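For the numbers below, each heavy atom of this structure counts, side chains included, while hydrogens, waters and symmetry mates do not. Values in this document were obtained by computation on a predicted structure and should not be read as measured data.
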Amino acid sequence: MTRAQASAGGLAALGVLALCFVLNALARGAGETYAVFLLPIGEETGWDRGDLTSVYSVYMAANGLASPFVGLAFDRFGPRILYVAGLLCLGGGFLLAGSMTSLWQLYLSVGLMGGLGIASLGMIPASALISRWFDRRLATAMAVASTGLGTGTLVLVPVTQVLIQSDGWRTAYAWLGAGVLLAALPVALLPWSAIALGRVADRRVGTAAVGAGLLPAMRGRPFWALFLVFFLTAVAVYSVSLQSVAYLVEQGFSPLEAAGAFGFTGVLSIAGMLVTGTAADRYGNRVTATVSYLCTITGVAALFAMQSAPGFALVVVFVVFFGVSMGARGPVVSTIAATLFAGRGLGVIYGTITTGQGLGAAVGSWVAGYLHDLTGGYDAGFGLSVAFVITGIALFWTVPELAARRSRGP
């Protein structure tokens, strides 16, 4: 069977998928630990919530703005250099964070270095690699890799909380940084030439893919529609998720219980992303995205109601509905991008689209922190989230290209 005839790469494809999953879990899980650092850093330094959430905004902005260059680096230099550089940047940044004494040092270590590292390890290189190995079940494969977000959150957030309670937040950052740095050596030794080759022929589906390349893609409506989906969704999610641990603590839960609840949203996000990938293959993008957005609204509503009727039941509703929808739009967007912009330029195109996610997360996390300081509560942030969710739903139903699906291989 020739490479052009292959529709999947068998066990080798599964190995590539597992690798993308592990690296995505390490990167995104490490990034999401900032939610449990928020209170202890504030208690030691006296910095207000707006200052602390602005660090996360820098992190997500760096992640987003670096995305086109990460995609370009993948297309030009290959995955080995990109992944190793990402691990070194992320691990080094966390080591520096453990010894910081000024806010600008936190901006540099967690914000800038963390954002650059995670951009290099996440779904940008993963999407480009997976699209070279999977065809018939592309959306499902993208969903599996995306579940690294939930798995990493589930494992690293509670572990980090335990480290903070045991040895302090500075030591916790040191342990995280050392662990990430140790992963760089085995990653560098992998057979990247074979991994990057792939088994699926490059497909060009629809007019959006004609004249492949970033600039032609940016002249079309599909590119900006996908960019906006990422931006709107990120504002909606990160205006809530970053402060959810602090919010639960203020509602009377212990820090470990709050971290555990946040971690369990990661558990549910795994199931949610897997179901999303399968549902998108079967029912299409619009219905799948709409259901996931409605789950986000339900989770936010549970947090809002907790102020009037605090209790474990509403925590469960938040964890279940917000968790299953957290990251659920990622597999849909990555699959649409791989469908419309298939080819060797996919890395830089998808990376540039991902800029919308980073900028949206930066805006959502910072504005929610600012609104908390301005109003003394979380309601404005909850309202911001719901408004952007509704806009995201409208976008899916008004832009025809967001219904695109990859044609079946032979």
Cut-off 3.5 Å, side chains only: do [X] and [Y] have a donor facing an acceptor?
X      : Y      : value
Arg132 : Ser127 : no
Thr53  : Ser365 : no
Gln105 : Ser109 : no
Ser292 : Ser325 : no

Residues, nucleotides or ligands: over 12 heavy atoms within 6.0 Å of Phe21 CZ: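 Above 12, so yes.
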Heavy atoms from other residues, nucleotides or ligands near CH2 of Trp224 exceed 12 (cutoff 6.0 Å):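 Yes, CH2 of Trp224 has more than 12 neighbouring heavy atoms, counting only those of other groups under 6.0 Å.
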Does any N or O in the side chain of [X] come within less than 3.5 Å of the main-chain N or O of [Y], such that one atom is a donor and the other an acceptor?
X      : Y      : answer
Asn24  : Ala145 : yes
Glu257 : Ser254 : yes
Ser120 : Gly86  : no
Gln307 : Phe304 : yes
Ser54  : Ser57  : no
Thr288 : Asn285 : no
Thr171 : Gly168 : no
Ser244 : Ser241 : yes
Thr233 : Phe230 : no

Looking at [atom1] of [X] and [atom2] of [Y], how far apart are the two atoms once the value is rounded to the nearest 0.5 Å?
X      : Y      : atom1 : atom2 : value
Met123 : Leu129 : CE    : CG    : 10.0 Å
Asp373 : Asp51  : CG    : CG    : 8.0 Å
Met113 : Tyr59  : CE    : OH    : 14.0 Å
Leu176 : Leu156 : CG    : CG    : 6.5 Å
Tyr293 : Arg329 : OH    : CZ    : 5.5 Å
Trp175 : Thr160 : CH2   : OG1   : 12.5 Å

Heavy-atom pair of closest approach, residues Phe134 and Ala13: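 Scanning both residues completely, I find the closest heavy atoms to be CE1-O, 3.5 Å.
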May I ask you to test the [X]-[Y] pair for a side-chain heavy-atom distance under 4.5 Å?
X      : Y      : answer
Thr375 : Asp379 : no
Thr298 : Phe318 : no
Leu303 : Tyr378 : no
Leu190 : Leu19  : yes
Met306 : Leu248 : yes
Val36  : Gln165 : no
Phe321 : Thr296 : no
Val300 : Val389 : no

With Arg28 via salt bridge (charged side-chain N to carboxylate O under 4.0 Å, His left out) - residues at least two apart: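 For Arg28 the salt bridge (charged side-chain N to carboxylate O under 4.0 Å, His left out) partners, ignoring immediate neighbours, are Glu32.
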Mutual orientation of the aromatic rings belonging to Trp169 and Tyr173 [parallel < 30°, tilted 30-60°, perpendicular > 60°]: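 Perpendicular.
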Tyr34 and Tyr56 aromatic ring geometry - parallel, tilted or perpendicular at 30°/60° bounds: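 Rings of Tyr56 and Tyr34: parallel, as their planes differ by under 30°.
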Full working for side-chain contact (heavy atoms from CB on, under 4.5 Å) between Leu65 and Thr355: CA-CA 5 Å; Leu65 293 174; Thr355 302; 4.1 Å; yes
Verdict with reasoning, Val367 to Ser239, per side-chain contact (heavy atoms from CB on, under 4.5 Å): CA-CA 7 Å; Val367 171; Ser239 60; over 6 Å; no
Val159 vs Thr33, side-chain contact (heavy atoms from CB on, under 4.5 Å): CA-CA, chis, key distance, verdict: CA-CA 9 Å; Val159 167; Thr33 60; over 6 Å; no
ring-ring contact (aromatic ring centres under 6.0 Å, His included) assessment of Phe382 paired with Tyr247: CA-CA 12 Å; Phe382 294 157; Tyr247 176 79; 5.4 Å; yes
Aromatic ring proximity Tyr107/Trp104, centre distance under 6.0 Å: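 No - the distance between ring centres of Tyr107 and Trp104 does not fall below the 6.0 Å cut-off.
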Non-neighbouring partners of Arg170 that pass side-chain hydrogen bond (donor to acceptor under 3.5 Å, both in side chains), sequence neighbours left out: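 Checked Arg170 against side-chain hydrogen bond (donor to acceptor under 3.5 Å, both in side chains); matches are Glu44.
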